[in-house]
Amino acid sequence: MTHHRILDWTPEAIVFDCDGTLVDTERHWEQAREMVLQDHGVTPDARFAAASKGLHYTECGALMARVANRTELTEMMTRQLLEAFRDLVAQQPTATPGAVALVTEAGRFAPLAVASNCPADVVEFCLESIGVRRHFRHVVVPDQGISPKPHPDVYAEAARRLGADPGHTLAVEDTACGLTSAGRAGLRTLGVGRSPGEEEIALADLWVGALDDPRLVAWARSRGAPRGALVDAADGGAPRPNGRRTAPEGAQVPAPGGPSPSENRPAPDHNGACSRPGSLSGPANRELREDT
């Protein structure tokens with residue numbers, strides 16, 4: 001039988017992206033970009049929206065300055081972008097569909113971390129706001145010696161802190177930049193989002209439309225079930241009266257570690273410019289004590 005790299009596997013650890021993966025903040029970045037450009041007399045179009053998605057905030061500020069033909073204002077527009085985002089994200093972040101449930105289930109069988117390019121204080125605030133911060137042992141963000149996505153640093157460091165082999169660690173991401181970062185660090189990848197492009201799909205070992213995808217829910221519940229118990233995808237993984245669960249047709253529950261990972265896929269070259277915001281206004285790379 002052919003093993004699926006994700007659904008027939010139990011990772012030693014799981015590392016989640018935050019912005020757009022666990023918390024619905026992409027709309028805030030879109031609004032912030034539009035607000036800053038409009039303040040400078042420019043109405044962003046679809047081409048700009050596509051080019052700016054996932055950019056590191058400093059790269060995005062530079063792009064906006066070029067679009068506005070005001071390159072001398074790059075630093076100011078960059079600062080305005082981050083300030084606008086902070087104001088918007090402070091308006092009670094919302095969890096993406098299935099995020100809270102998946103994190104809760106995953107934390108029962110694997111240690112968890114977050115690897116993000118967002119400012120550390122924003123990540124902490126978002127995780128606390130949706131009630132999942134306590135599940136994560138570490139939050140890793142860019143800092144001196146830790147380069148932002150698409151470089152592999154944040155994912156490699158997160159796996160290291162969790163004491164896991166990168167090849168036996170799962171990354172959960174929503175952008176090509178993040179998937180590239182995780183792939184370069186040697187992690188297996190789960191992509192999430194409603195409208196992935198060809199590049200995103202090619203970079204992910206599995207792509208789901210949302211974290212409440214029934215296949216993913218059944219997988220997570222089966223890994224958290226008692227040894228030898230399986231999950232029933234048809235009934236959403238609910239325990240049977242005898243306390244055991246049944247597996248979806250053709251599914252297996254291998255021992256932790258699962259099939260050995262194949263050779264890492266080559267990742268496209270983004271020239272180090274494509275990642276989510278990474279400015280740090282507070283202490284970076286904060287660590288939470290391990291859950292007891």
Side-chain angles (χ1 to χ4, degrees), residues 6-7 9-25 89 92-141 149 154-166 168-174 178 181-182 185 187-193 206 208 210-226 231 236-239 256-257 276 282-292:
I6 302 299
L7 298 179
W9 172 62
T10 302
E12 292 179 359
I14 303 177
V15 184
F16 288 83
D17 170 56
C18 180
D19 194 27
T21 298
L22 294 176
V23 186
D24 182 17
T25 51
V89 80
Q92 194 61 31
T94 303
T96 58
V100 174
L102 180 63
V103 167
T104 301
E105 288 288 347
R108 293 174 180 169
F109 67 87
L112 310 180
V114 166
S116 176
N117 278 358
C118 270
D121 62 311
V122 172
V123 176
E124 297 278 357
F125 173 76
C126 289
L127 296 177
E128 290 284 2
S129 296
I130 66 172
V132 298
R133 179 61 181 92
R134 64 188 177 87
H135 294 289
F136 294 99
R137 300 186 181 183
H138 306 285
V139 170
V140 181
V141 298
K149 304 171 190 178
V154 287
Y155 276 106
E157 178 64 12
R160 185 192 69 78
R161 293 188 188 186
L162 291 173
D165 184 318
H168 290 182
T169 302
L170 175 65
V172 186
E173 267 284 354
D174 70 317
S181 172
L187 283 69
R188 300 192 198 187
T189 52
L190 170 67
V192 58
L206 174 67
V208 295
L211 296 180
D212 60 0
D213 183 288
R215 296 170 298 165
L216 192 58
V217 172
W219 171 80
R221 286 178 173 169
S222 72
R223 270 61 194 164
V231 163
R276 292 196 183 278
N285 302 326
R286 303 178 183 177
E287 299 184 10
L288 181 71
R289 65 183 182 279
E290 295 194 3
D291 294 337
T292 57

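Positions are given from 1, in the same order as the sequence printed here. These values consider heavy atoms only, across backbone and side chains, with no hydrogens, waters or symmetry-generated copies.
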Mind running side chain to side chain contact (heavy atoms under 4.5 Å, CB included) on V114 and V123 for me, showing each step along the way? CA-CA 9 Å; V114 166; V123 176; 4.0 Å; yes

Is there a side-chain contact between [X] and [Y] in this structure, where contact means two heavy atoms from C-beta onward sitting under 4.5 Å apart?
X    : Y    : result
D17  : V172 : no
V139 : L127 : yes
V103 : L211 : no
P93  : F125 : yes
V154 : S116 : no
V23  : T94  : no

Shortest non-hydrogen contact from [X] to [Y]?
X    : Y    : answer
A120 : V141 : CB-CG2, 4.0 Å
A185 : P166 : O-CB, 3.3 Å
L187 : A171 : CD2-CB, 3.8 Å
R161 : H138 : O-NE2, 3.3 Å

Are Y155 and E173 close enough, and set up right, to give a side chain to side chain contact (heavy atoms under 4.5 Å, CB included), and what steps lead you there? CA-CA 11 Å; Y155 276 106; E173 267 284 354; 2.7 Å; yes

Intermediate values then yes/no, side chain to side chain contact (heavy atoms under 4.5 Å, CB included), T104 and H135: CA-CA 7 Å; T104 301; H135 294 289; 3.7 Å; yes

Where do V89 and V122 land on the side chain to side chain contact (heavy atoms under 4.5 Å, CB included) test, with the steps shown first? CA-CA 8 Å; V89 80; V122 172; 4.2 Å; yes

Go through the structure and list residues passing side chain to side chain donor-acceptor pair (under 3.5 Å) with T169, not counting sequence neighbours.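 Counting only residues at least two positions away or on another chain, T169 forms no side chain to side chain donor-acceptor pair (under 3.5 Å).
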
Quick one: list whatever passes side chain to side chain contact (heavy atoms under 4.5 Å, CB included) with [X], sequence neighbours left out.
X    : answer
V208 : L190, V192, L206, D213, R215, L216
P111 : A13, R137, L162
A101 : none

Keeping [X] on the side-chain end and [Y] on the backbone end, is there a donor-acceptor pair under 3.5 Å?
X    : Y    : value
R223 : P11  : no
T96  : T21  : yes
K149 : A115 : yes

Listed by chain and number, what are the ring-ring contact (aromatic ring centres under 6.0 Å, His included) partners of F109, not counting sequence neighbours?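 For F109, the residues satisfying ring-ring contact (aromatic ring centres under 6.0 Å, His included) (neighbours in sequence not counted) are W219.
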
Listed partners of F16 passing ring-ring contact (aromatic ring centres under 6.0 Å, His included), at least two apart: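 By the ring-ring contact (aromatic ring centres under 6.0 Å, His included) rule, F16 matches F136.
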
Straight-line distance of [X] [atom1] to [Y] [atom2], nearest 0.5 Å:
X    : Y    : atom1 : atom2 : value
C118 : E124 : SG    : CD    : 12.0 Å
D212 : L102 : CG    : CG    : 9.5 Å
T10  : H168 : OG1   : NE2   : 11.5 Å

